[in-house]
Structure formats: C-alpha cells, structure tokens
Amino acid sequence: KRKEDYKLRELRIFLRDICRKLASNRRFYKFTKPVDLEEVTDYLDIIKQPMDLETMMTKVDMHKYNCAKEFLDDIDLICANALEYNPDRTSSDKQIRHEACSLRDHAHALIDVEMDSDFELECQDIAKKR
Ligand SMILES: CC(=O)c1csc(NC(=O)C2C[NH2+]C2)n1
C-alpha cells in the first residue's frame with residue numbers, strides 16, 4: 001500500500017544515516033567490510049552467517065529491512081560473530097571483542113535516541129504483514 005511504502009522509505013533514509021555514522025567511526029573499522037576469506041581462511045568453518053556494515057547498507061537499499069529491529073538483529077549478528085571467532089584471552093582477541101560490544105551498544109543507543117518509538121511500532125506492524 002502507498003502509505004506503508006512512504007513509511008518504509010523514511011525508515012530506509014533513517015537506517016542509511018545510522019549505518020553511515022557507525023561505518024565512519026574508526027573504532028568499528030574491522031566491521032565495515034566482509035572478512036577477507038582469502039586472508040582469514042578458516043572464517044567460514046566457524047562463522048556460518050557473516051555480516052558487516054557494507055553488506056547492511058546494501059540490504060537497506062534492497063528493501064531487506066522493514067523495521068529498525070531487523071536492522072539491529074544484523075548488528076547483533078556482527079557482534080556475536082566477532083565474539084565467537086575471537087574467544088581467546090589474548091589482547092588482540094580481547095580488543096576485537098571490546099570493539100564488537102561497543103558497536104552493538106552504540107547502534108542500539110543511536111536508534112533509541114534518534115527513532116520515534118511509535119514510528120518503529122508502525123514499521124514492526126508492516127514487517128509482520130510482509
Ligand atoms: C570481523 C572479525 O571478527 C575479525 C576480523 S579479523 C579477526 N580476528 C583476528 O584477526 C585474530 C585476532 N585473533 C584472531 N576477527
């Protein structure tokens with residue numbers, strides 16, 4: 001329906017802005033592009049559903065997100081993947097786990113601050129129907 005499509009267009013504009021802000025933060029650099037499977041050769045043995053911010057921007061453009069919760073589910077996936085692939089008590093693993101938790105918390109906080117809660121509820125109702 002036309003009115004729903006106007007709401008989803010507004011959601012896409014909002015999510016592109018959130019994605020841009022996260023991808024421009026140097027703290028989250030490791031999460032901006034897919035893991036290079038030629039460099040990290042065992043990645044797919046451990047991580048069954050890779051996700052990154054560039055892929056999420058493409059998903060916004062392809063109308064894959066019908067509400068902010070679906071977008072945050074992919075952010076949570078980026079974080080969970082990093083915690084799973086980097087479990088050791090080495091400083092490099094600890095650092096990437098910290099960056100992953102920071103990405104997750106920043107994304108949720110940005111959306112809670114910038115998103116009208118009634119608008120998200122309307123989008124979640126549209127998402128259920130699709
Ligand atoms: C995106 C992601 O989770 C990622 C990219 S490289 C990496 N881990 C390493 O390079 C080593 C540090 N301990 C293994 N994790």
Side-chain angles (χ1 to χ4, degrees):
K1 278 167 46 217
R2 189 182 306 274
K3 274 189 104 173
E4 285 184 1
D5 291 336
Y6 290 154
K7 284 202 184 310
L8 292 179
R9 182 176 58 196
E10 185 178 353
L11 175 73
R12 288 194 296 278
I13 293 163
F14 172 80
L15 293 180
R16 286 191 191 93
D17 184 54
I18 299 291
C19 220
R20 175 186 57 78
K21 286 176 181 168
L22 295 170
S24 64
N25 187 327
R26 287 183 43 72
R27 247 183 300 191
F28 310 138
Y29 175 74
K30 289 189 191 77
F31 310 113
T32 53
K33 299 266 192 292
V35 169
D36 187 336
L37 302 177
E38 276 156 36
E39 272 170 35
V40 190
T41 53
D42 67 343
Y43 192 70
L44 291 185
D45 302 336
I46 297 157
I47 300 303
K48 298 308 173 188
Q49 195 180 355
M51 189 47 64
D52 66 278
L53 292 170
E54 182 184 75
T55 299
M56 289 183 67
M57 188 70 95
T58 301
K59 286 182 73 171
V60 173
D61 295 342
M62 292 176 62
H63 300 202
K64 299 290 188 182
Y65 300 120
N66 290 317
C67 62
K69 183 187 176 309
E70 291 176 352
F71 180 90
L72 287 171
D73 287 346
D74 270 350
I75 290 287
D76 294 352
L77 177 59
I78 292 175
C79 179
N81 286 346
L83 300 185
E84 190 174 349
Y85 188 71
N86 300 284
D88 303 339
R89 66 159 301 281
T90 58
S91 60
S92 66
D93 280 26
K94 280 184 183 173
Q95 183 188 336
I96 196 162
R97 291 201 300 271
H98 173 74
E99 289 162 356
C101 294
S102 182
L103 171 70
R104 182 200 58 213
D105 289 343
H106 272 74
H108 283 262
L110 256 183
I111 285 176
D112 285 348
V113 161
E114 296 196 15
M115 183 153 222
D116 178 283
S117 47
D118 290 345
F119 180 78
E120 169 63 3
L121 287 173
E122 287 164 20
C123 289
Q124 286 184 12
D125 285 345
I126 296 170
K128 282 177 211 150
K129 288 187 276 179
R130 299 215 170 184

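Numbers here are sequence positions counted from 1. Atoms within each ligand, like the ligands themselves, are counted from 1 in listed order. These values consider heavy atoms only, across backbone and side chains, with no hydrogens, waters or symmetry-generated copies.
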Taking Glu99 first and then Arg27, would you say they form a salt bridge - that is, a charged N and a carboxylate O separated by under 4.0 Å?
no
Numbered in order shown, the ligand 1 atoms found under 4.0 Å of a heavy atom of Ser92 are 12 (C), 13 (N)
Q. Within the distance-only criterion (no hydrogens, no angle test), does the side chain of Lys48 pair as donor or acceptor with the backbone N or O of Asp45 below 3.5 angstrom?
A. yes
Any carboxylate oxygen within less than 4.0 angstrom of a Lys/Arg side-chain nitrogen, looking at Arg130 and Asp5?
yes
Please tell me whether Val60 and Leu103 are part of a single hydrophobic cluster in this structure, the criterion being side-chain heavy atoms less than 4.5 Å apart. yes
- Message: Below 4.0 angstrom, counting only protein heavy atoms, does anything approach atom 10 (O) of ligand 1?
- Response: no
Any heavy atom of Val35 under 4.0 Å from ligand 1? The part involved is side chain
So for Asp52 against ligand 1, with non-hydrogen atoms under 4.0 Å, the contacting part is neither
closest protein heavy atom to atom 15 (N) of ligand 1 is Asn86 ND2, 3.0 Å
for atom 4 (C) of ligand 1, nearest protein heavy atom and its distance come out as Ile96 CD1, 3.3 Å
(Q) Side chains of Tyr43 and Asp36 only: does a donor on one sit below 3.5 Å from an acceptor on the other? (A) no
Exercise for review: Measure the shortest side-chain to side-chain distance between Pro87 and Asp93 over non-hydrogen atoms and say whether it is less than 4.5 angstrom.
Suggested key: yes
min-distance protein heavy atom vs atom 12 (C) of ligand 1 -> Asp93 OD1, 3.1 Å
One finds that the ligand 1 atoms under 4.0 Å from a non-hydrogen atom of Ala82 are 3 (O)
